[in-house]
Every structure is written in C-alpha cells, then in structure tokens.
Amino acid sequence: MAFAAAASPLCTWLIAACVSQTVAGLSSENYPVSSGPLGRRLRRRIARSKKLAAEGWFPNVGIQAGALSGQNLVAFCESGLSELGSFCSLEGCPEYNSSKHSPLFGDGFLFGEGFGGLGSKPVRAARRRLSKAAAGKATAIAVQPVRGTPEKKTTATKQRRVVVTGMGVVSCLGHDPQTFYDNLLEGKSGITEIEGFDCKDFPTRIAGEIKSFSTDGWVAAKFARRMDKFMLYLLTAGKKALADGGLTEEVMKELDKTKCGVLIGSAMGGMQVFNDAVEALRVSYRKMNPFCVPFATTNMGSAMLAMDLGWMGPNYSISTACATSNFCILSAANHIIRGEADVMLSGGSDAAIIPIGLGGFVACRALSQRNEDPMKASRPWDTERDGFVLGEGAGVLLLEELEHAKSRGAEIYAEFLGGSFTCDAYHMTEPHPDGAGVVLCIEKALTQAGVSRQDVNYVNAHATSTRAGDLQEYKALMRSFGKNTELKVNSTKSMIGHLLGASGGVEAIATVQAIRTGWVHPNINIESPESELDMNVIVGSQKQRLDIKVALSNSFGFGGHNSSVLFAPYEESNEV
C-alpha cells in the first residue's frame, strides 16, 4: 500500500484538474469571464484550446474535442485509469486516508518530510476546487496538451563484435587452458576408477574424476568449507578466466561494473549440498544446513562470483541439461551485442560424481560399464561403445566487446561469431531419429552468424559415446558440411568424459585452443569405427594440423535441447 499512498493524491489532483473545467470546450457562454487581467488570461487559454482542437489534438477519439467535459474526459481515459484501480480513486484508498504519512515518501525514507507532505490535505484541496468550479466561481485549471513526439530518425550503427580474451578451466586433465589442451593433444585420458566414495556395489565404477583440486587463493576458506563442488569449480574457473584475460585489480578498478556480467550455468546444481540436507532432515529439520537452499540452486554460483567482483550487469544461470554452457555463452554474447554489457563471464560447471549422481545415471542405463579398462571406456563412434562416462569440472570464457578489449590492450584469442538453439520436441533422452533438430540448429547458427557452410572446417562434436546420439550427430554434420573436403571432427569427451552442463564450456576452450595453436586434438578409442563413418573426416588417434577458418561446437541435452556456437580466428582486416 506504500505505492497506493503515494499515488492517490497525485491521481486525485490529476482527475480533479480534468473535471473542474472543460478542457477544450471552455467558452464565455459556459462560464462567466471577468474583464480583468485574470479574465483576459482565461480568454487566451480558451482561444488556444479551440485552436488545438481544430488542429486535431484529439485524434481518433470519435467525439468533438469541445465536448470533452470533465465527465467525458474521465470516460475517454477510462481504459488507462482503470488499470490503476484504487491508486487513482478520487477518494483515495482507505489505508492511505487513515495514514498520517506516506510509507514510501514519509519521514526521511526517500525524500524526507518535505515530500512526506503528500497526505490528506491535497485531497481536501482538490475537493474544494471541485466544489468552487461547480459553482462557477473559480478560474480554470489549465491542462496544457503536449504535442506528439516526432518520430526519431534512426541511423545505422556498427555491429558490436564479441571476442574471447580469457579462459578458465577445471578438469581431470588440468586446471589451466595450456595444460588441459596439451594433454588433449597428447591423447591422454583422464578416465579412472572413482576414489571419492565407495562404489563397489555400482555397475559403473569409473569417471572423469578430478583427483586434486585446491581453492587456495581463489575462494575464501569459510565458503570453501560450505559450498558444493560445482560452485567451487565455477568460482575458481571464473576467476582464472579473469586472470588469464589480464583483468588485474588495477584494470578492474577502471571497468564500468554496471556493464560487466556473469552467466555461468549448471545442469545439476549443488547435488551434494541438497543430498546432505535430505539426510539431515531424516534426523530433524534443525540439523539442516542453513545454506542448503542457496548453495544448491544453479544461479547462486554466478551470483556469488558477481558479489565477489562487484559486477552489476546481467547475472543469472541457464540450465538446459548438457547443452547448458552453450546456452550461457550465446546468451552472454547477445548481452554484449545489444550493448547491455561490455564484459561477460560465461560457461558452465557441474560436479555430479557422487552416489546419487552416479546412481541416477546408472538407473537411466546411460553409463559405460567398462570398469576393467577405464581409459578406453569413452569411445565415441566406435561400434563397441556402451554409454558415456561421467565427468566433472568447469569451463568459463571471458567474452568482451571488441573495442573494449582493444582499448585495454587485451590479447584476443578468437572471435565469437554466433550460434543457435533448437528443440527436438521428440523424446526426453533419445535424439530425433532423423537428426532434424540438430540440422535445424546448425543451419540457424550459420544464418545467425552470417557464415558460409564452406567456411566451417572444424567441429568439436557433442559425441558422448552413446549408441544413438553419436551416429545421428555425425549424419547431421554430413548433411550440413559433407561437401567440405577440409572438414575435421573430433570429440573431447573421448578423454575427459561427459561433464554434463560444463561440457560446452570446457569444449569451447578446446575449440579456442585449436584455433590458437593450429592443432586439433585426437579422438581416442576408435578401434572399430561405425561403417557409415568417413575416417578422413573424423580425427583419429593422433593430433592433426589444421588452419581453422570457422569452428563449430555442438552441445545437446536431455529434453531435446540442441545448441551450436561458432568461433573463428580474430582478424583485424575483417573490421568494417
């Protein structure tokens, strides 16, 4: 009711002004006008009102302007005023009339006592003016019409370009982009037996588990003890991306923090925190951690990072299963393109290698059970594949508007060209048998980015090592890029497993590193390739040299979510 209290006197005055005299129909025939100075001013206003009415200041009303008496004007404005309800009531809402001061503008809250005078006195004054006007004893309260705003002329503006200036990664193959990609180029696998908990009774006992991880220097100890690992991975990777991008404390002080945002998502959120809360609830709600709700939600990682940095721009998370990171990256880039931000941290984080996470995916029959040989368990496009391998970690990109990056002398790793989202609208976990959603997503991404299909010569595929998904994606890629003889396709998941919502972020880093180094990493464990595969397209067990023109990174998720994002080498000559 605070707003009601503030609005009632203002609306009361407005309506009182409207109904006290006729707006455009004032004339000496209706009301007596004195011959003194006040009367002369009134006659000039009457003449001006008639002139405005003649010039069409009340268009498309269906009644003559001169007939807009106080009653008719209220009827004319009824559709707009009715939406305000009691806020614009002539009598004011009961709560307001019974209050001494307005809660919103009262004693020193916002404007102090000077503005707190919006009490019952203006209402009584308006009523007095109404009664005097009815008796013909008052002068008109002038309501000056405002001319329509002329149509603004729009001028073509230069498209804001988005570049990658920093990267942060936490993975089973390393916690910095260089180490991570060097291990990928060497074909090392990070898939091992799970050590974080006893899983001897599970049919799957392997994962892309992070064996050693430290938050020292990145996350305050009091939070490190309470937060879920997905949030610790997120905060660490986010801050590492800033450091990698040269955003030192001195540079940060110069940033417009209202134009800096964080958009890092998660597919699963704080599973361990939530699981612990459920266990505590079995004893008593009094045993529950007060942080269990905020530290389990997917948005809180981005929020905590923004609080730490003081960044006040766009801040939220997106959760679209295993397509999460790409959704976040494209959405963050769009904030920059629209001018809503100059700098964005974007990507994804997940930490589901815990009993409930492993058990849930086992129940889905989605995981490989090649426990005797973990490093060969993740094998995209191989005929012996038997499901994906669960992984964990985080991947975060520092996206920046081009001119902003150049003005601070940042190193530009690659340019983000665009992307797209689609939905299969087919099945909760299975891909569309014709790959229709994937093809549509790729085609839309090319159109949105203004990229020719002939220019795409590298694809970091989603390829999780599942029976249906790998082949459907390959067929979709061939439909889109099959005529490109330079095309190379690989899957980062063959070495680190499936990081769920973090996959797209980590794979985007691998894609940018491929652009920077000119090398695409191998795809290990293809010992018996599917017969439909062209092994001239699929990167084999050894890294390959490739001068990348445009790179595509795919991520798909349960629910039929499809996402494709495009990166390219930054070339100053492309500027217009």
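Owing to the predicted nature of the structure, the values given are computational and were not obtained by experimental measurement.
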Inter-residue atom distance [X].[atom1] - [Y].[atom2], 0.5 Å rounding:
X      : Y      : atom1 : atom2 : answer
Phe327 : Asn562 : CZ    : CG    : 7.5 Å
Cys260 : Leu242 : SG    : CG    : 9.0 Å
Lys229 : Gln272 : NZ    : CD    : 8.0 Å
Ile509 : Ser171 : CD1   : OG    : 8.5 Å

For the [atom1] atom on [X], are there more than 12 heavy atoms of other groups (residues, nucleotides or ligands in this structure) within a distance under 6.0 Å?
X      : atom1 : value
Met535 : CE    : yes
Leu281 : CG    : yes
Lys376 : NZ    : no
Arg282 : CZ    : no

Side-chain contact test, heavy atoms from C-beta onward, threshold under 4.5 Å: evaluate it for [X] versus [Y] and give yes or no.
X      : Y      : answer
Leu446 : Phe481 : yes
Met231 : Ser349 : no
Leu330 : Phe416 : yes
Trp311 : Leu345 : yes
Ile194 : Leu358 : yes
Met268 : Phe230 : no
Glu384 : Glu527 : no
Lys475 : Met478 : no

What are the two closest heavy atoms between [X] and [Y], and how far apart are they?
X      : Y      : value
Gly419 : Gln448 : N-OE1, 2.9 Å
Ile318 : Thr324 : O-CG2, 2.9 Å
Thr165 : Glu400 : OG1-OE1, 2.8 Å
Leu397 : Ala508 : CD1-CB, 4.0 Å
Arg479 : Asp434 : NH1-O, 3.2 Å
Ser331 : Tyr316 : CB-OH, 3.9 Å

For [Y], is there any backbone N or O sitting under 3.5 Å from a side-chain donor or acceptor partner on [X]?
X      : Y      : result
Asn490 : Pro522 : no
Asp244 : Gly168 : no
Thr204 : Ser368 : yes
Asn525 : Asp382 : no
Asp470 : Thr464 : yes
Lys240 : His175 : yes
Asp424 : Pro431 : no
Arg205 : Cys199 : no
Lys239 : Trp218 : yes
Arg467 : Thr383 : yes

Do [X] and [Y] have side-chain N/O donor and acceptor atoms under 3.5 Å apart?
X      : Y      : result
Asn326 : Ser553 : no
Asp176 : Thr179 : yes
Glu279 : Asn275 : no
Asn554 : Ser564 : yes

Are [X] and [Y] within salt-bridge range, i.e. N to O under 4.0 Å?
X      : Y      : answer
Arg385 : Glu530 : yes
Lys493 : Glu507 : yes
Glu401 : Lys259 : no

The test is side-chain hydrogen bond (donor to acceptor under 3.5 Å, both in side chains); show your working for Ser317 and Ser302 and say whether it passes. CA-CA 7 Å; Ser317 68; Ser302 291; 5.8 Å; no

Counting the benzene-type ring for Trp, do Phe361 and His498 have ring centres under 6.0 Å apart?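 Here the rings of His498 and Phe361 have centres that are no less than 6.0 Å from each other.
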
Less than 3.5 Å apart, which donor and acceptor atoms pair up between the side chains of residues 536-547 and the rest of the protein, not counting sequence neighbours?
unit_1, atom_1, unit_2, atom_2, d
Asn536, ND2, Asp534, OD1, 3.4
Gln544, OE1, Lys488, NZ, 3.3
Arg545, NH1, Thr517, O, 3.2

Checking Phe295 against Asn289 for the side chain to side chain contact (heavy atoms under 4.5 Å, CB included) test, could you report, in this order, the C-alpha distance in whole Å, the side-chain angles of both residues, the deciding distance, and whether it holds? CA-CA 10 Å; Phe295 284 174; Asn289 185 336; over 6 Å; no

For residues 192-201, which residue pairs pass the side-chain hydrogen bond (donor to acceptor under 3.5 Å, both in side chains) check, not counting sequence neighbours? Thr192-Lys211, Asp198-Lys200

So, applying side chain to side chain contact (heavy atoms under 4.5 Å, CB included) with Lys444, which one of Ile442, Leu440, Thr447 is it? Leu440

